[in-house]
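For reference, the structure is listed below as structure tokens.
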Amino acid sequence: MIHFFWLRDDEAATSRYSGDFDAAHRWGLPGLKDCPGCGLTWSGSGRQYPAVDLSLIPEHREFEEPRPEPFHELVRLQELVRPLMPPNASLPPGTSFGPLTGTASGQFGPFTWQGTSLMLIRRDALDGLQAAGIRGLLGCKTELRFRQKTAPDILELQIEPRGLLHRDCLPPDLEPPCPTCGRQGFRRPDDPILDGASLPSDRDLFRLDNFSTMIIGTDRFKDAVEQGGWTGISFRELPVRS
Ligand SMILES: [Zn+2]
């Protein structure tokens with residue numbers, strides 16, 4: 001039986017490294033302004049596709065400036081991006097694309113986090129995990145300008161949404177998602193439970209589709225990280241319910 005773990009920044013470990021960065025993805029979908037279904041203006045977080053290169057479409061400049069847009073404009077921009085996306089990927093407002101661009105400095109550990117939902121990995125750790133047979137790791141180049149002369153080789157993992165929080169750990173009176181924009185608003189539960197039927201069997205690392213700032217790894221991933229001695233991730237096992 002596979003065990004699943006919620007992955008977060010192990011601050012005791014990452015604080016031992018001086019590595020720091022100030023960066024954002026090059027492109028993004030705008031936020032949604034005044035949804036005609038639910039009336040909300042919102043933008044999501046945790047949907048990052050660093051491997052998706054919007055320079056391949058002539059309209060890429062329309063994705064450079066974060067801003068809210070009306071629903072029809074959001075739909076137009078979603079359709080421009082869709083051909084470049086993995087199959088069946090949803091494209092909520094605020095989805096970001098392309099390399100992480102900005103400045104960086106210092107010594108980077110094997111894993112470095114931005115918040116809870118973006119994980120950078122050092123090249124040697126990625127190579128080691130892939131050599132250990134960990135599945136579904138997609139390392140993407142970053143465009144970080146380092147202040148020091150010898151820049152470390154730092155990649156961002158494209159971690160795609162698969163799997164769901166189980167209904168049992170969500171508020172009992174939760175409204176269904178907005179039929180227009182798909183938003184379903186709830187806070188992260190204190191005691192998350194994973195929905196067994198929704199979990200992927202083809203990869204060892206993913207994020208949750210209904211709470212995309214939560215990154216989940218299998219016991220295979222955890223064991224390989226620990227055997228390699230790569231620090232920077234704290235692991236909390238989550239129960240799985242059918
Ligand atoms: Zn809506």
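Keep in mind the model is a prediction, meaning the values are calculated, not measured. We count ligands from 1, going down the list as the structure has it; atoms in each ligand are counted the same way.
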Exercise. Where does the angle between the aromatic ring planes of F211 and F186 fall among parallel (under 30°), tilted (30 to 60°) and perpendicular (over 60°)?
Worked result: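 It falls in the tilted class, 30° to 60°.
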
Exercise. At what distance, to the nearest 0.5 angstrom, does SG of C178 lie from CZ of R183?
Worked result: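 If I round to the nearest 0.5 Å, the distance is 9.5 Å.
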
Exercise. If you measure from the Lys or Arg side-chain nitrogens to the Asp or Glu carboxylate oxygens, is any gap between R122 and D153 under 4.0 Å?
Worked result: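 Looking at D153 together with R122, the answer is no, because their closest N to O distance does not fall below 4.0 Å.
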
Problem set entry | Short N-O contact, E143 and R26, less than 4.0 angstrom |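 Salt bridge present between E143 and R26.
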
Problem set entry | No-hydrogen, no-angle side-chain donor-acceptor test under 3.5 Å, T14 and D9 | yes

Exercise. With no hydrogens and no angle check, do the side chains of T218 and D204 hold a donor and an acceptor under 3.5 Å apart?
Worked result: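 Judged by distance alone, the side chains do pair up.
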
Exercise. Can you list the protein N, O or S atoms less than 2.8 Å from the Zn ion (ligand 1)?
Worked result: C35 SG, C38 SG, C178 SG, C181 SG

